[in-house]
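Worth saying up front: this structure is predicted, and the values here are computed from it rather than measured.
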Amino acid sequence: MRMYARAYKLKDFRRFDGWIEQKLEAGEELTDDSIMFVWDDFSVTSEHFGSQQGRLAHEVTPQWQEFCKHTLHFEIPEDVRRMMEEQQTSV
């Protein structure tokens with residue numbers, strides 16, 4: 001279950017050489033300024049609530065993960081990481 005997301009403009013994702021996207025089901029027009037969310041599993045959605053709805057068709061590869069970490073500076077904050085780990089061990 002995804003627990004953490006960070007917002008970016010779509011133009012930031014489009015800088016990735018292997019970026020592939022499709023239109024959203026709702027027919028929402030995507031522009032460079034559209035807000036998207038990258039999740040702790042490196043998936044990308046247009047929704048902040050973690051559902052599969054609004055998911056952009058992008059394969060999570062090691063290159064994508066490196067782009068997120070080094071170019072977008074995507075990182076789960078330490079306090080959130082600890083909370084996620086605690087929840088996993090209590091299940």
Side-chain angles (χ1 to χ4, degrees):
M1 175 161 120
R2 296 179 297 192
M3 298 181 67
Y4 176 79
R6 183 172 170 190
Y8 294 90
K9 290 186 177 184
L10 184 55
K11 68 181 177 183
D12 296 326
F13 298 141
R14 289 176 170 167
R15 292 176 21 208
F16 178 63
D17 188 41
W19 178 253
I20 298 171
E21 66 188 63
Q22 67 183 28
K23 290 189 179 224
L24 297 174
E25 288 180 22
E28 177 184 344
E29 186 66 33
L30 296 174
T31 67
D32 279 349
D33 290 329
S34 296
I35 301 297
M36 300 289 141
F37 299 90
V38 64
W39 288 87
D40 50 42
D41 66 356
F42 295 96
S43 61
V44 177
T45 68
S46 63
E47 303 288 329
H48 182 258
F49 299 104
S51 71
Q52 291 298 320
Q53 189 175 29
R55 184 180 173 112
L56 293 183
H58 186 269
E59 185 179 350
V60 176
T61 63
Q63 294 84 1
W64 172 247
Q65 291 176 352
E66 287 299 311
F67 176 82
C68 289
K69 291 175 185 176
H70 297 291
T71 303
L72 300 179
H73 305 288
F74 176 76
E75 185 177 346
I76 301 170
E78 189 57 38
D79 59 337
V80 174
R81 183 181 305 282
R82 270 188 260 119
M83 180 190 69
M84 290 168 60
E85 289 170 357
E86 289 172 8
Q87 279 192 333
Q88 288 177 349
T89 58
S90 68
V91 174

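Contact between Ile76 and Asp40 at its shortest, heavy atoms only, is CD1-CB, 3.5 Å. Between Phe37 and Ala5, the shortest heavy-atom contact is CB-CB, 4.0 Å. Across Lys69 and Phe42, no two heavy atoms sit closer than the pair CE-CZ, 3.8 Å. Taking each heavy atom of Val80 and Tyr4 in turn, the nearest pair found is CG1-CD1, 3.9 Å. Residues Tyr8 and Leu72 share a closest heavy-atom pair of OH-O, 3.2 Å.
Between Phe74 and Trp39, the gap from one ring centroid to the other reaches at least 6.0 Å.
Rounding to the nearest 0.5 Å places OG of Ser34 at 8.0 Å from CD of Glu29. Arg15 contributes atom CZ, which lies 12.5 Å from atom NZ of Lys9 (distance to the nearest 0.5 angstrom). Distance check, rounded to the nearest 0.5 Å: CG of Leu10 to CG of Asp33 gives 9.0 Å. Put simply, CD1 on Ile35 and CG on Asp12 are 9.0 Å apart, with the number rounded to the nearest 0.5 Å.
A salt bridge between Glu75 and Arg81 is absent, with no side-chain N of the basic residue lying under 4.0 Å from a carboxylate O of the acidic one. For the pair Arg14 and Asp32, the salt-bridge criterion is met [side-chain N within less than 4.0 Å of a carboxylate O].
No hydrogens or angles considered: a donor-acceptor pair under 3.5 Å links the side chains of Trp19 and Glu21. For the 3.5 Å distance criterion, the side chains of Asp41 and Ser43 qualify, holding a donor opposite an acceptor.
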Practice task
List the steps and the verdict of side chain to side chain contact (heavy atoms under 4.5 Å, CB included) for Gln63 and Phe16.
Solution key: CA-CA 9 Å; Gln63 294 84 1; Phe16 178 63; 4.1 Å; yes
Handout entry: Chi angles and distances behind the side chain to side chain contact (heavy atoms under 4.5 Å, CB included) call for Leu30, Met36
Key = CA-CA 10 Å; Leu30 296 174; Met36 300 289 141; 3.3 Å; yes
